[in-house]
Amino acid sequence: MLNYIIKRLAIAVPTLLVLIIISFLLMHAAPGGPFTSERAVPPEVLANLEAKYGLNEPLYKQIATYVYNVVFHFDFGPSFVYKDRTVNEIIAQGFPITLKYGAIAFVLAVLIGVTLGVFAAIYHNSWLDYLAVGVSIGAQVLPNFVMAPILVLIFTLWLGWLPGGGWQGGQWQFLVMPVIALATSYMASIARITRSSMLEVLNSNHIRTATAKGLPTHTVILRHALKPAMLPVISYLGPTFVSMITGSVVIDMYFSTGGIGLWFVNSALNRDYSVMMGITILIGVLTISFNLLVDLLYAWIDPRIRY
Amino acid sequence: MRIEHEKLDGLADRMVEAEVKGRSPWADARKRFAHNKAAMAGLIVLILVGCFAAFGNLIAQYPNDFTDFTIMGRAAELGQPSFANGHYFGTDDSGRDLFARVVQGTQISLMVGVVGAAIAVIVGTLYGATAGYVGGRVDNIMMRIVDILMAIPYMFVLILLLVIFGRSIGMLFVGIGLLSWLDMSRIVRGQTLSLKNKEFIEAAQATGVSSFRIILRHIVPNLLGVVAVYATLLVPLMILTESFISFLGLGVQNPNTSWGKLIAEGASTMQYGTLWQLAFPLFFFVITLFAFFFVGDGLRDALDPKDR
């Protein structure tokens with residue numbers, strides 16, 4: 001197990017380095033420097049500016065400095081557009097917001113998805129099963145950027161129950177629609193995966209044995225069926241997490257919640273490269289750590305896997 | 001009992017038929033596919049949407065960049081869908097004919113989906129087949145590269161690419177293509193590993209066929225089933241990716257448009273009561289994705305009957 005963790009970390013570290021270097025080179029390859037968009041500045045001022053941001057150094061040195069600062073100080077440097085702020089401050093402001101509704105959406109998607117899938121499998125070919133299948137097929141074509149306007153149309157414009165956007169410190173009215181919009185399609189996928197893997201497990205020999213020896217149904221399901229049926233779901237959690245983080249960009253944009261997605265798109269439109277890079281790398285770190293966590297969870301649940 | 005009888009009859013029929021004229025697995029698959037109602041319905045929808053994209057401009061009464069100044073700014077009262085003034089789907093808030101816009105959006109979204117999937121098919125198949133066939137250290141290195149690229153949050157890198165190299169359709173193709181082949185290469189590699197120890201490959205090696213030709217002539221044709229299924233499921237994913245980026249305003253730029261961009265425009269004006277601006281692009285987006293998913297599932301069932 002320890003060996004496996006070390007091996008996984010050994011891949012994670014170069015992955016991060018590649019991500020940092022790719023985004024750095026991309027930024028460097030951009031036509032025009034970060035200051036060319038502004039009104040013409042005298043060459044001395046430009047030189048001073050470049051010196052301040054370290055842009056006059058040779059490329060390898062810039063990369064080394066950047067990597068050093070990111071890895072050892074978790075410092076992404078200053079923003080090029082918001083001169084009074086560092087990338088760290090921007091992330092500190094936006095990330096908690098994204099984390100809050102993202103975590104709620106993730107937990108809800110998993111809980112509701114798994115429950116729906118399990119019941120659909122237990123009551124196979126009943127109205128509940130058809131409902132679950134119908135919902136999960138339907139939600140497949142309702143990604144977050146389709147759900148968001150539909151929700152606003154229904155709950156804000158027609159019913160007038162919920163505010164169409166904003167955050168206000170994350171009161172529940174402002175959370176409902178972002179969470180639903182983000183969670184729906186993943187909830188559907190999780191329900192579908194749970195249902196099919198649960199069906200498979202319920203038809204397997206050890207469940208027949210458990211039923212034959214007279215265990216009550218709920219014990220059979222909770223003690224014997226649920227755990228093996230969860231394995232495909234767990235391996236789906238990694239991709240779900242990544243897609244949800246990506247989806248938060250749409251949510252932040254559409255509901256003006258002020259999370260990092262909003263900062264990412266705004267910095268993309270403003271060509272604020274250091275903010276874009278900082279957020280990209282942060283997401284990369286999160287993605288890699290979460291995937292590692294999922295793999296460990298998988299290994300822990302499935303004792304057949306030995307590394 | 002009745003069902004059992006039907007099954008047996010069917011089996012007997014099939015055996016007789018198989019004896020009379022040996023059928024290729026492809027003919028078999030075609031038959032199974034034709035019997036799958038959802039998949040056939042999906043296929044019909046796709047053909048209709050394709051016709052809409054190809055011939056819609058012949059029906060449209062206005063070019064897609066024509067601005068009707070009498071309607072501009074008053075779309076809510078004057079821009080409703082109507083047959084009388086030729087705006088079948090109504091107009092958007094700057095007075096452009098929505099029918100023509102949706103035709104154009106459909107063309108671009110379908111094109112992104114198909115081109116993205118095609119790049120994935122070509123690059124992913126060759127890469128995966130090479131890694132799987134050559135094996136050993138080359139395989140190891142090639143697959144580590146894929147692992148590393150897979151762990152990168154690709155939507156963010158794609159947006160980074162678009163911002164730095166300009167937001168154009170061409171760049172969108174390159175960006176989506178660069179990232180779409182990773183899954184394909186993994187699937188193909190797995191299949192190749194199981195193929196490469198088969199006798200016909202050994203025979204080819206024994207007769208002195210070069211590795212490159214073996215991959216192209218003997219491995220790749222045997223992968224077509226898997227690749228076809230995966231490619232069909234990849235097209236809607238590419239469309240989703242493109243729509244996602246265009247929804248954010250970072251993808252396709254005016255005067256071009258796509259479903260994602262039209263949905264974004266519809267979503268931003270719906271509070272003024274111009275619901276048709278959201279409804280028409282959304283309708284085409286949803287039915288097309290549905291159709292692709294059904295066709296993909298149908299193909300998988302048809303080509304891999306044991307996996308049902």
Side-chain angles (χ1 to χ4, degrees), chain A residues 11-12 14-19 22-23 26-31 137-138 140-146 148-150 152-153 156-157 164 185 238-239 242-243 245-247 249-250 252-254 261 264-265 267-273 276-277 279-288 291-292, chain B residues 38 143-145 147-167 183 236-237 239-241 243-250 259-261 263-273 275 277-279 281-282 285-294 297:
Chain A
I11 299 181
T15 308
L16 264 183
L17 279 182
V18 167
L19 179 62
I22 286 181
S23 37
L26 278 179
M27 181 175 107
H28 200 84
I137 291 177
Q140 219 175 12
V141 295
L142 295 175
N144 40 48
F145 60 89
V146 172
I150 293 180
V152 169
L153 183 65
T156 306
L157 291 182
S185 64
V242 180
S243 326
I245 287 193
T246 314
V249 176
V250 159
D252 279 333
M253 274 289 284
Y254 195 76
F264 186 74
V265 175
S267 62
L269 294 169
N270 291 334
R271 295 177 159 255
D272 193 349
Y273 297 129
M276 289 184 78
M277 279 177 66
I279 294 176
T280 308
I281 292 168
L282 175 77
I283 304 290
V285 172
L286 282 176
T287 309
I288 292 165
N291 279 333
L292 186 63
Chain B
M143 283 298 123
R144 277 302 88 73
I145 293 174
D147 282 346
I148 288 178
L149 289 178
M150 289 267 261
I152 289 174
Y154 78 101
M155 193 67 86
F156 291 81
V157 176
L158 184 52
I159 292 175
L160 209 63
L161 271 174
L162 283 169
V163 168
I164 288 171
F165 295 110
R167 291 173 233 148
D183 270 318
L237 293 186
I239 293 178
L240 275 171
T241 307
S243 299
F244 184 94
I245 293 174
S246 292
F247 184 86
L248 294 174
L250 296 166
W259 284 333
K261 193 165 159 56
I263 291 172
E265 282 167 11
S268 66
T269 57
M270 67 187 181
Q271 70 252 40
Y272 309 120
L275 262 188
Q277 259 201 71
L278 180 64
L282 203 57
F285 175 83
V286 166
I287 60 163
T288 308
L289 288 197
F290 252 130
F292 268 115
F293 283 128
F294 279 134
D297 280 348

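Every heavy atom of this structure was used, including side-chain atoms; hydrogens, water molecules and symmetry mates were not. Each chain gets a letter, A, B and so on, in the order its sequence line appears, and its residues count up from 1.
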Considering only heavy atoms, which portion of [X] lies under 4.5 Å from any heavy atom of chain A: side chain, backbone, both, or neither?
{"X": "B:Phe292", "result": "neither"}
{"X": "B:Ile263", "result": "side chain"}
{"X": "B:Ile287", "result": "neither"}
{"X": "B:Phe244", "result": "both"}
{"X": "B:Leu160", "result": "both"}
{"X": "B:Ser243", "result": "both"}
{"X": "B:Leu250", "result": "side chain"}

Which answer fits [X], side chain, backbone, both or neither, if we ask what part of it has an atom under 4.5 Å from a heavy atom of chain B?
{"X": "A:Leu153", "result": "both"}
{"X": "A:Thr246", "result": "both"}
{"X": "A:Leu16", "result": "neither"}
{"X": "A:Leu286", "result": "neither"}

### For B:Phe290, ring-ring contact (aromatic ring centres under 6.0 Å, His included) partners two or more places apart
B:Phe294

### Summary
Of the listed B:Thr288, B:Leu275, B:Leu278, the one with the largest count of heavy-atom pairs under 4.5 Å with chain A is B:Leu275

### Message
Shorter than 4.5 Å, heavy atoms on both sides: which option in B:Ala264, B:Gly260, B:Gly249, B:Ala267 has the most such pairs with chain A?
### Response
B:Ala267

### Query
Are any of the side-chain heavy atoms of B:Ile159 and A:Met276 separated by less than 4.5 Å?
yes

### Message
If you define the side chain from C-beta out and look only at heavy atoms, does anything of A:Val141 sit under 4.5 Å from B:Phe285?
### Response
no

#### Entry: Set of salt bridge (Lys or Arg N to Asp or Glu O under 4.0 Å) partners for B:Asp183, sequence neighbours left out
none

### Query
Mind checking whether A:Phe264 and B:Phe156 have parallel, tilted or perpendicular rings, split at 30° and 60°?
perpendicular

## Note on the structure
Of the listed A:Thr287, A:Val250, A:Val242, A:Val18, the one with the largest count of heavy-atom pairs under 4.5 Å with chain B is A:Val250

What's the separation between atom [atom1] in [X] and atom [atom2] in [Y], rounded to the nearest 0.5 Å?
{"X": "B:Leu248", "Y": "A:Tyr254", "atom1": "CG", "atom2": "OH", "result": "12.5 Å"}
{"X": "B:Met155", "Y": "A:Thr280", "atom1": "CE", "atom2": "OG1", "result": "12.5 Å"}
{"X": "A:Leu19", "Y": "B:Leu149", "atom1": "CG", "atom2": "CG", "result": "10.5 Å"}

